[in-house]
Amino acid sequence: MSTPVFANYIAGEWIDSGKYIENRNPANTEEIVGLHPRGDAAEMARAIEAASSAYAGWASMPGPARGAILYKTAEILEHELDQLGAEMTREEGKTLPEAKGEVKRAINIFRYYAGEGSRAGGILTPSERDRVHTFAIRKPLGVVGLITPWNFPIAIPAWKLAPALICGNTVVLKPASVSPLSSWRIVEALHMAGVPKGVVNFITGSGGELGRAMVDAKPVKAISFTGSNDVGNWIHTEASKRRIRIQLEMGGKNPTIVLADADFNSAIENTVNAAFFSTGQKCTATSRVIVEDAIYDKFLSALIERTKKLKVGNGLEAGIDIGPCVDQGQMDTVLKYIDIGRQEAGEPRCGGHPLSDGAFAKGYFVEPTIFAGVTEDMRIAQEEIFGPVLAVMRAKDFEDAMRIANA
Ligand code: NAP
């Protein structure tokens with residue numbers, strides 16, 4: 001079967017630059033899921049120009065009419081749910097049920113914001129002066145730049161696109177290079193739903209080059225970014241120079257606190273789910289579990305026992321709990337932190353190795369890994385790992401657990 005080639009979308013046209021980024025399946029790196037254009041700064045400038053030209057028409061369209069396009073987009077995505085889920089598993093690695101759940105979330109987001117087209121109003125406030133009315137109404141900003149990460153390749157683009165569009169903004173979306181197909185599918189659905197030319201523009205390519213071009217472009221009045229702390233901080237510094245609106249969702253190092261009076265079995269299930277599902281590649285993943293002293297030993301053994309039962313593998317297969325890391329770079333980061341953890345906390349209590357034999361040979365698989373006796377000063381307790389690695393920490397009581405969580 002020939003490799004599918006996907007184009008960028010500018011001013012309502014599909015643009016193929018002839019230079020590509022390979023989108024490979026992290027569970028089977030021999031499979032190329034698709035080729036996406038390596039767009040450059042000139043293409044970004046054209047996309048921003050298209051969004052700028054389309055703005056007045058889109059902003060003046062009645063909200064319910066914009067909403068109708070978003071409803072139609074949701075309908076198209078829903079019709080393709082099974083295919084979109086499978087594609088997401090193939091490009092990002094998460095299991096099929098997780099991927100389909102994420103597609104459903106994107107559909108719900110589009111429906112929710114479609115309704116806002118009929119609801120979004122303003123407020124009328126009492127005035128201090130006779131015959132003076134004071135009120136506030138929501139107005140669109142203009143061209144909005146959207147930059148998204150690879151780990152939720154359809155939900156995050158959806159939760160940036162739908163609110164921006166329903167309020168009358170036009171957009172340029174730049175998805176992560178590692179998993180561009182799921183967000184391309186939203187743009188395809190918007191196109192099929194009849195979004196006017198230039199209202200939505202989509203460019204794949206290097207984050208550094210396209211990000212710089214977006215941040216510097218005068219017509220861009222706001223940027224919404226989700227991704228790493230380093231890139232988010234850079235966008236904050238650069239975009240602030242033009243005083244534009246900036247929205248940043250960045251990294252996390254989330255704690256789960258388990259106290260002695262917790263529902264024990266549910267605490268185990270919730271911790272395992274939060275730490276390891278989606279391969280721990282979530283900004284909301286639990287990467288530290290802080291356990292009250294009185295149940296620490298019992299909790300640790302049950303946690304290890306439950307974690308050892310998790311099935312790692314290709315997320316398209318039934319019964320798999322944990323898919324691969326998204327790419328070689330992410331797997332290298334995870335393995336680097338496992339080494340750091342070994343030096344800081346000793347041998348992991350379970351996992352701790354890459355999986356490379358047999359069915360694992362062509363993918364970026366790592367065993368779910370637990371370190372015990374982790375203390376606040378350790379790097380594995382402080383730094384985002386973004387993989388299936390969990391640090392177990394001991395707390396004297398609730399106050400101590402909160403202190404550790406906030407450290
Ligand atoms: P990333 O490396 O920061 O990339 C995010 C996006 O920024 C990608 O589209 C990337 O493009 C682009 N980019 C890279 N360099 C850029 C630059 N100089 N200027 C502008 N854009 C640039 O993050 P990631 O590895 O994809 O995602 C993982 C991170 O996202 C983690 O830290 C995670 O915690 C965070 N995250 C946070 C949330 C949240 O809601 N808070 C949700 C999900 C993920 P390329 O792919 O082409 O490099």
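As the structure is a computational prediction, the values presented were derived from the model and not from experiment. Read the numbers this way: they start at 1 and go in the same order the structure lists the ligands and their atoms.
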Using a strict cut-off of under 4.0 Å between a residue heavy atom and any atom of ligand 1, list the qualifying protein residues by chain and number. I147, T148, P149, W150, N151, I156, K174, P175, A176, S177, G205, S206, G207, G208, G211, F225, T226, G227, S228, V231, W234, I235, E249, M250, G251, G252, C283, E384, F386
Start with the C-alpha distance between D400 and R403, add both sets of side-chain angles, then the distance that settles salt bridge (Lys or Arg N to Asp or Glu O under 4.0 Å), and finish with yes or no. CA-CA 5 Å; D400 194 36; R403 186 191 57 72; 2.8 Å; yes
Applying the side-chain contact (heavy atoms from CB on, under 4.5 Å) test to P388, which of T369, L310, V334 qualifies? V334
Exceeds 12 heavy-atom contacts within 6.0 angstrom, atom CG of D357: no
Any pair with a residue in residues 372-407 that passes ring pair (Phe, Tyr, Trp, His ring centres under 6.0 Å), sequence neighbours left out, goes on the list, sorted by first then second residue, please. W150-F386
Begin with the C-alpha distance, continue with both residues' side-chain angles, and end with the deciding distance and a verdict on salt bridge (Lys or Arg N to Asp or Glu O under 4.0 Å) for E317 and K311. CA-CA 11 Å; E317 291 166 18; K311 266 190 97 179; over 6 Å; no
About how many Å separate SG of C167 and CZ of R66, when rounded to the nearest 0.5 Å? 7.5 Å
